[in-house]
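Below: one structure, written as structure tokens.
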Amino acid sequence: MDQSISVGIIDNIKDLVYDVATSYAKKLKSTYYADIRVEVGEAQAAVAENGSERYSAQDYSFSFGVRVLAGKKAIAPGYFGQVLGSADLDNISEIIKNGVRHAYQRALANAKRKAQAKKIYGALAEGLHNAKLAHIEVHQDVVSADYEIDPRSVRLSDLAQYVKEVSKAMTSLSNEVKHTFTSGITGVSRHLFCSSEGASIDQSFALTQGMAFLVAQSDKGNQELYDFIGHQRGWEVLERGVDEEYIRNPDFMTFSLNLAKDAIELANAEPLKSTSKDVVVVTDPHFNTLVAHEIVGHPTELDRAIKMEAGYAGRSWLLKDLKQTQIGKQIASPLVSAFSDPALPGYGHYKYDDEGTPAKKVVLIEKGIFRGFMNSRQTAAIFGVKPNGSYKASDASLVPLIRMSTTVFAPGQRDPQEIIKEVDHGYYVVGHRIPSISESRENFRISAMKVYEIRNGQIGQLFRNGGITSDSRDYFMNVDAVGNDFRLYPIPNCGKGQPMQAKRLGNGGPTMRSRAKLAGV
């Protein structure tokens, strides 16, 4: 690792960035607003395959991004982003100022074309409003990273050895294990946000993640299985595990061996058969993590709903246009509530988003009634609502998007075991694997790690290669029981935008019971 790049760089350039945002940018004519984001990260990672070390490395990240709102006859945004290295440190002031000038010129060009389009196209250009940002309270704050074992204190050789030992233990578990792949990453990052309004927010984050993948094969068939553990904490996440109120994971070795045992068991199970009619399904918190992510989280991101990214990522069944939305309407059983809350622990946690808006809990579904969307300052201004702190980028050099934080189904009051005991005949759907979602998220197919048959309230035969499929509204409306076993899990690779921004997010929920078709062979 180049030792000249560390998160301590932020201490050296914080005053400079603040001065450029509050003084230099405001001197550019016709500028209404500007903000600058700088991110620095230090991380190390290791990969093992079939019990042998495959790869290990230490690296840093260093980038900045600028947004300027400017224009004469119209106001429009302009953006600029750049990935930096150690050679840029001596000239960082001019590099950031140059970025501001680029963003400013792009804003002017955008504003000019917007004004021309309004003249040419008349009523067809009514949607080309001036870019406005809804009001927020301006903050100056420093937020520290949370960890017990500093990721930077871990020797790369120790990380590589541990990941190799986990892979070797999985490989040695049974001759039915044919392939294993494990990876671990641990690091810290620091994010600085300064705006022409006077904001100066310095947030630090720790992150540690483990991933295990394997292929098991028996005389009956084969099974691929993979899963992740991760948290915004230090090396203790992999070495000792996590035992918090909502996040409970064993150490990485135990986690991976449990996954391998599941894969072996599944390789010896019968494949699940599809059904043409709905059946009773009880879904566990791990499975509902992906349901919350795909069917609640993404369609309630307002940039998707108002079709700012429809060409690439799709739309939302919750909003047809600004006058025809599902806000205030029943879209689920009264037992179903859902929300997005950056205050919850895990990957989705933060105190401020990437435009300095304080993070807020956003109620999405309240007792079956749809309440609203996650937004940015610009989309909040379009809707005439308050910003709720959901504007995030995966790197400072990229334009932020509206991203869910920790989006979950709210817990209920029922004992999960009692929910299962009430089922005469149905299926217990455990763990999520792969989603297949319609363009507007109005229906879905999500595969599970394991599916068990339920007969007379008892969990019975295990099936592999199964999942469920349903219309989203029908599925939510049919929920008739919600458990009290609320859990959070990491989603490590959520993709959105073009160019693609892969981001780590948190999701979760409790056990739930509804009706859906089985999706199998």
Side-chain angles (χ1 to χ4, degrees), residues 50 166-167 169-182 211-229 249-250 253-291 416-417 419-436 444-470 475 483 485 487 489 511-521:
N50 298 327
V166 172
S167 176
M170 293 169 65
T171 303
S172 303
L173 189 63
S174 168
N175 59 12
E176 292 184 335
V177 174
K178 302 302 181 182
H179 181 81
T180 66
F181 182 95
T182 54
M211 189 277 283
F213 168 89
L214 77 152
V215 178
Q217 186 173 13
S218 74
D219 294 337
K220 290 187 176 181
N222 60 76
Q223 179 70 55
E224 294 182 1
L225 212 56
Y226 66 92
D227 203 2
F228 296 82
I229 56 173
N249 286 320
M253 175 68 79
T254 303
F255 172 86
S256 300
L257 289 176
N258 288 342
L259 187 73
K261 292 173 184 176
D262 283 344
I264 294 168
E265 188 179 12
L266 284 164
N268 287 279
E270 297 294 328
L272 183 72
K273 293 183 178 180
S274 299
T275 61
S276 59
K277 296 181 179 181
D278 286 350
V279 298
V280 176
V281 292
V282 179
T283 51
D284 85 325
H286 191 287
F287 183 85
N288 290 329
T289 292
L290 195 55
V291 179
Q417 297 303 317
I419 292 175
I420 293 171
K421 287 180 181 179
E422 293 173 350
V423 177
D424 291 331
H425 184 243
Y427 294 84
Y428 184 40
V429 183
V430 177
H432 68 259
R433 290 186 67 205
I434 302 170
S436 178
F444 66 92
R445 174 175 175 167
I446 296 177
S447 63
M449 290 185 177
K450 300 183 285 186
V451 179
Y452 295 91
E453 187 176 23
I454 304 173
R455 284 193 177 276
N456 300 319
Q458 300 295 317
I459 294 177
Q461 184 177 355
L462 171 67
F463 295 94
R464 59 181 168 87
N465 294 337
I468 62 173
T469 182
S470 181
Y475 183 76
D485 54 339
R487 295 288 182 273
Y489 295 90
T511 294
M512 303 173 75
R513 189 175 65 204
S514 185
R515 297 183 64 84
K517 294 181 179 65
L518 297 181
V521 295

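Quick caveat: nothing in here was measured; it's all calculated off a predicted structure. The figures here come from the full heavy-atom set of this structure, side chains too, leaving out hydrogens, waters and symmetry mates.
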With no hydrogens and no angle check, is any side-chain donor or acceptor of [X] less than 3.5 Å from a backbone partner on [Y]?
X    : Y    : answer
R445 : S436 : no
S447 : I434 : yes
S470 : A516 : no
R455 : G460 : no
N288 : T283 : yes
D278 : R515 : no

Would you indicate whether the side-chain heavy atoms of [Y] and [X] approach each other to under 4.5 Å?
X    : Y    : value
L259 : F213 : no
M449 : V430 : no
D227 : F255 : yes
M512 : F287 : no
K220 : E270 : yes

For residues [X] and [Y], report the shortest heavy-atom separation together with the two atoms involved.
X    : Y    : value
R487 : P285 : CB-CB, 4.0 Å
V451 : A448 : CG2-CB, 4.1 Å
H425 : V280 : O-CB, 3.9 Å
S218 : N268 : CB-OD1, 3.3 Å
I454 : Y427 : CD1-C, 3.7 Å

**OP:** Could you go through the salt bridge (charged side-chain N to carboxylate O under 4.0 Å, His left out) check for E265 and K450 one step at a time?
**Re:** CA-CA 10 Å; E265 188 179 12; K450 300 183 285 186; 5.2 Å; no

Original post:
Could you go step by step and tell me if M170 and L257 meet the side-chain contact (heavy atoms from CB on, under 4.5 Å) rule?
Top reply: CA-CA 6 Å; M170 293 169 65; L257 289 176; 4.3 Å; yes

First locate atom [atom1] of [X], then atom [atom2] of [Y], and finally report the distance between them rounded to the nearest 0.5 Å.
X    : Y    : atom1 : atom2 : value
L290 : Y489 : CG    : OH    : 13.0 Å
S256 : I229 : OG    : CD1   : 6.5 Å
H179 : S167 : NE2   : OG    : 8.0 Å
K261 : L214 : NZ    : CG    : 12.5 Å
I419 : D284 : CD1   : CG    : 11.5 Å
F463 : E453 : CZ    : CD    : 5.0 Å

Subject >> Name of the residue among L173, V166, N50 meeting side chain to side chain contact (heavy atoms under 4.5 Å, CB included) with T180 >> reply: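 Single side chain to side chain contact (heavy atoms under 4.5 Å, CB included) partner of T180 among L173, V166, N50: N50.
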
Original post:
Which of these, Q223, E176, Q217, sits in a side chain to side chain contact (heavy atoms under 4.5 Å, CB included) with I264?
Top reply: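 It is E176, the one option of Q223, E176, Q217 that forms the side chain to side chain contact (heavy atoms under 4.5 Å, CB included) with I264.
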
Original post:
How far apart are the C-alpha atoms of N465 and R433, what are their side-chain angles, what is the distance that settles it, and do they pass the side-chain contact (heavy atoms from CB on, under 4.5 Å) test?
Top reply: CA-CA 10 Å; N465 294 337; R433 290 186 67 205; 3.9 Å; yes

**OP:** Go through the steps for L518 and V281 under the test side-chain contact (heavy atoms from CB on, under 4.5 Å), then give the verdict.
**Re:** CA-CA 9 Å; L518 297 181; V281 292; 4.2 Å; yes

